[in-house]
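Just below is one structure, and these are the notes that go with it.
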Amino acid sequence: MGVSDDAALTTALRRGTIEYCVLALLDKRELYGVELVQQLSTGLGMTTSEGTMYPLLSRLRRNGRIATTWREAPAGPPRRYYTLTPDGEAALTHFRTEWVVFRSGVDRILGTEL
Amino acid sequence: MTQTDELVAAYLARVERAASRLPAGRREELIADLREHIEIARAESEAQTEAEVRTILDRLGDPESIVAAADTQTDLPRVPPTAPYPPASPYPPASPYPPAVQPARQPKRTALWVVLAVVAAFVLLAFCAGAFTLARDSGSPPSMVENVVPAEPAPEPTLTGSTGP
C-alpha cells in the first residue's frame with residue numbers, strides 16, 4: 001500500500017468523525033483556535049495539517065454547532081474561544097449513539113472485536 | 001518587516017492564491033483564521049527565530065491542502081437528528097416544479113400515507129376491541145353507572161319544590 005493510498009484512507013476515515021471530535025473536545029471546556037487545533041492534531045496524528053481544521057471550524061460555526069467569543073489573554077493578543085452550542089451538544093449526543101452502533105457493526109464484520 | 005514576518009506573509013500569500021477559487025467571504029475568513037493562529041502561536045512560543053516560525057507554518061500544512069479542505073466543507077444539506085422527515089408543506093400547494101419532477105417523489109409520499117392509514121386503522125381496531133372486551137368482562141359496573149346517572153336529577157324537583165314557596 002503506497003503512501004498516498006495510506007493518506008487517502010486516513011482522510012476518508014477522518015472525514016465523518018473529526019467534526020464530532022471537535023464537539024467532544026469543546027464539550028469538556030471552551031478552547032481557543034490554537035489549543036483546539038493542536039489537541040485535535042495531536043490526538044489524531046495530523047500534526048502537519050493543522051490548517052485544514054479551520055475550514056471545518058468555519059462550517060461548524062455557520063451551522064450553529066459551535067460559537068466563538070473573544071477573551072482577553074494575560075499575555076499576547078486576545079483569544080477567540082470556541083464553545084459548544086445547544087445544537088452542537090445535541091449533535092454530539094446523537095453521534096455518540098450512532099458511533100457505538102456503527103463501530104460494533106464494523107468490528108463484528110472485520111473480526112476486530114475486543 | 002523582519003525576515004520571519006516575510007516568511008509569514010509569503011505563506012499567507014500562497015494560501016490566498018490557492019484560495020482564489022473560494023467565494024470571497026470564505027477566503028477572507030480562512031486567511032483571517034490562519035493569520036490569527038500564526039500570531040497567537042508565535043506569541044505563545046515567543047517564536048522569533050526563523051526555524052521556530054517555520055515549524056508553526058509546517059504544522060499548519062501545505063496551502064493547497066488547506067484550500068482543498070475548504071472545498072469539502074461546503075454546507076451539505078444535513079439532516080438534523082430531531083427531524084427525520086422533511087417538512088411536508090412545499091409539495092402539494094404551489095408547485096413551482098415541472099410536473100415531470102413530482103411523480104418521482106409522489107409515490108413515496110403516498111406509500112407513507114397508506115402505511116400511516118393502515119397503522120391508524122389497526123390502532124383504532126385494537127382500541128375498539130379492547131373497549132368491547134372490557135365492557136363485556138365487567139358488565140355490571142357500567143350498568144351501575146347507568147343507574148346512578150339518571151337518579152341524580154331526581155332530587156332536584158324536591159329541592160325546587162321546598163325553596164319555591
Side-chain angles (χ1 to χ4, degrees), chain A residues 4 7-8 11-12 14-16 18-20 22 31-38 40-42 45-65 68 70-71 73-82 86-98, chain B residues 8 11-16 18-19 21-48 52-84:
Chain A
S4 66
T11 306
R14 281 178 196 137
R15 192 167 294 140
I18 187 165
E19 69 177 86
Y20 297 98
V22 171
L31 297 164
Y32 58 89
V34 172
E35 276 183 314
L36 175 56
V37 157
Q38 284 176 355
L40 275 173
S41 64
T42 312
M46 302 172 68
T47 47
T48 56
S49 47
E50 290 178 350
T52 60
M53 291 167 199
Y54 283 103
L56 167 67
L57 295 179
S58 158
R59 177 171 62 76
L60 288 173
R61 196 173 43 205
R62 282 200 302 280
N63 292 355
R65 292 188 168 179
T68 52
W70 286 97
R71 289 197 205 296
R79 311 288 201 260
R80 198 154 44 111
Y81 277 85
Y82 290 84
D87 258 17
E89 210 170 313
L92 176 62
T93 306
H94 181 70
F95 181 77
R96 281 186 166 132
T97 317
E98 292 290 313
Chain B
V8 171
Y11 179 83
L12 291 175
R14 280 174 62 205
V15 177
E16 193 150 11
R21 61 176 185 266
L22 297 180
R26 214 63 76 69
R27 178 174 61 239
E28 281 152 25
E29 189 184 24
L30 177 61
I31 290 162
D33 281 343
L34 295 174
R35 179 176 288 127
E36 191 185 312
H37 176 103
I38 295 165
E39 192 186 347
I40 289 168
R42 283 180 77 177
E44 284 186 344
S45 69
E46 285 161 20
Q48 300 309 323
E52 284 167 328
V53 172
R54 268 187 207 285
T55 305
I56 293 170
L57 300 181
D58 286 347
R59 285 182 63 114
L60 275 177
D62 169 46
E64 189 51 51
S65 58
I66 295 174
V67 175
D71 281 337
T72 64
Q73 298 297 342
T74 47
D75 296 289
L76 306 168
R78 285 179 168 273
V79 183
T82 42

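The sequence lines fix the lettering, A, B, ..., with proteins before strands; numbering per chain opens at 1. Every value quoted in this text rests on a predicted model; they were computed, and no experiment measured them.
With chain B as the partner, the residue from A:Pro78, A:Gly33, A:Ala73, A:Ser58 showing the most heavy-atom pairs under 4.5 Å is A:Ser58.
The two residues B:Ile66 and A:Gly51 come nearest to each other via the heavy atoms CG2-O, 3.5 Å. When every heavy atom of A:Pro55 is checked against every heavy atom of B:Ala70, the shortest pair comes out as CB-CA, 3.5 Å. When all heavy atoms of A:Pro77 and B:Ile40 are compared, the closest pair comes out as CG-CG1, 3.9 Å. Heavy atoms only, all atoms of each residue included: A:Thr52 and B:Ser65 are closest at CG2-O, 3.7 Å.
Interface residue A:Ser41: only side-chain heavy atoms are found under 4.5 Å from chain B. Using a 4.5 Å cut-off between heavy atoms, A:Phe95 does not touch chain B at all.
Looking at heavy atoms from C-beta onward, B:Glu44 lies in side-chain contact with A:Arg79 at the 4.5 angstrom threshold. For the pair A:Arg80 and B:Asp33, the minimum side-chain heavy-atom distance is below 4.5 Å.
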Evaluation steps, side chain to side chain contact (heavy atoms under 4.5 Å, CB included), between B:His37 and A:Met53: CA-CA 11 Å; B:His37 176 103; A:Met53 291 167 199; over 6 Å; no

